[in-house]
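Input: a single structure, listed below in structure tokens.
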Protein chains: 2
Amino acid sequence: MSLELTPVQAVACCAPLAREPLSESDAEGIAPLLKALADPVRLRLMSLVASHQGGEACVCDLNDAFELSQPTISHHLKILHEAGLLDREKRGVWVYYRARTGALRNLAALIGGQAA
Amino acid sequence: MSLELTPVQAVACCAPLAREPLSESDAEGIAPLLKALADPVRLRLMSLVASHQGGEACVCDLNDAFELSQPTISHHLKILHEAGLLDREKRGVWVYYRARTGALRNLAALIGGQAA
DNA sequence: GGAAGACATTGATGAATGTAAATATTTACG
DNA sequence: CGTAAATATTTACATTCATCAATGTCTTCC
């Protein structure tokens, strides 16, 4: 176990935005998660994976959904994976990504949670 | 009324990420909202305003919460305002910002909404 | 009207970001 | 083994971004 929190661990640590002021360190932990989501391509990638049958999708399927180069899609997937929003599993030649729905729920609770 | 949607209007338009694949145009409408939130300073600003008594806060209070120049805070507030996350009202010499909690709730529903 | 205070805008700069081309790595299959 | 296919990494580049210093605008009060 590491002392460094992944962004996804960081988001489970604090009260909703509207409940009490976010601390500086908490904000610095959470911002990378939002930054990972704050791109149209990555938003669609997350949605494609999360809504895909079985909760996972193969990179081969994802590449075809965009008019972007394969390295670019790979780059975006890496960012989502390193943020902790996507799990990665290699099966044979193919790589499957799976959405961490718990992370999405925690993030949603932080953003939209009740004030009191 | 304009044909151009503000980011905050754009977020009310679609099913949760995990329910069905986000369209390209929807993703391009929502990403700016997340980008506006995806900064530690702006996250804290949103939280400070949203959790402040009365749901609003004066810029004078906000400036003191950071070790950043006044123009920098003004810049971040403008970004949050243009994204539609903060309302702006001038009263005398002071300017008050108010959190659009509905926008935050819509965004949370989009991110963390049930798959089915 | 002039000075002071609150906030916004402009201009400049270094850092981070999205993308693609080229290349590398890994796996399967003959 | 050697070739093909799937995915990742490296390198390079143009764009965007966060920040500050300087300046501008607007309001209040003397």
In short, salt bridge (Lys or Arg N to Asp or Glu O under 4.0 Å) pairs touching residues 107-116 of chain A with sequence neighbours left out are none
Which parts of nucleotides 2-11 of chain C does protein reach within less than 4.0 Å, heavy atoms only, written one letter per nucleotide 5' to 3' as B for base, S for sugar-phosphate only and - for none? ----SBBB--
Short side-chain N/O contact from Arg42(A) to OP1 or OP2 of dG18(C), under 4.0 Å: yes
Pairwise disulfide (SG to SG under 2.5 Å) hits with a residue in residues 59-116 of chain A, at least two apart: Cys58(A)-Cys60(A)
Does anything in residues 65-116 of chain B form a disulfide (SG to SG under 2.5 Å)? List the pairs, not counting sequence neighbours. none
Can you tell me which residue pairs pass the disulfide (SG to SG under 2.5 Å) test with a partner in residues 72-116 of chain B, sequence neighbours excluded? none
Earliest and latest nucleotide of DNA chain D, 5' to 3', sitting under 4.0 Å from a non-hydrogen atom of chain B? dC17(D) to dT28(D)
Those residues at least two apart in sequence (or on a different chain) that pass side chain to side chain donor-acceptor pair (under 3.5 Å) with Arg88(A) are Tyr97(A)
Pairwise salt bridge (Lys or Arg N to Asp or Glu O under 4.0 Å) hits with a residue in residues 52-62 of chain B, at least two apart: Glu56(B)-Arg91(B), Glu56(B)-Arg98(B)
Using the test side chain to side chain donor-acceptor pair (under 3.5 Å), find all partners of Thr72(B) that sit at least two apart in sequence or belong to another chain. Ser69(B)
Between the first and last five pairs of the helix from dG1(C)-dC30(D) to dG30(C)-dC1(D), the angle of the axes, rounded to 10 degrees: 20°
Mind listing the side-chain donor-acceptor pairs of residues 41-48 of chain B below 3.5 Å, one per line with the distance, residues two or more places apart or on another chain?
unit_1, atom_1, unit_2, atom_2, d
Arg42(B), NE, Ala36(B), O, 2.6
Arg42(B), NH1, His76(B), ND1, 3.0
Arg42(B), NH2, Lys35(B), O, 3.2
Arg44(B), NH2, Ala65(B), O, 3.4
Ser47(B), OG, Leu17(A), O, 2.8
Ser47(B), OG, Glu20(A), O, 2.9
Ser47(B), OG, Leu22(A), N, 2.9

Could you state the CZ-C1' distance from Phe66(A) to dT19(C), rounded to the nearest angstrom? 14 Å
Which pairs pass disulfide (SG to SG under 2.5 Å) with one or both residues in residues 69-116 of chain B, sequence neighbours excluded? none
Measure from CG on Leu80(A) to P on dG18(C) and round the result to the nearest Å. 10 Å
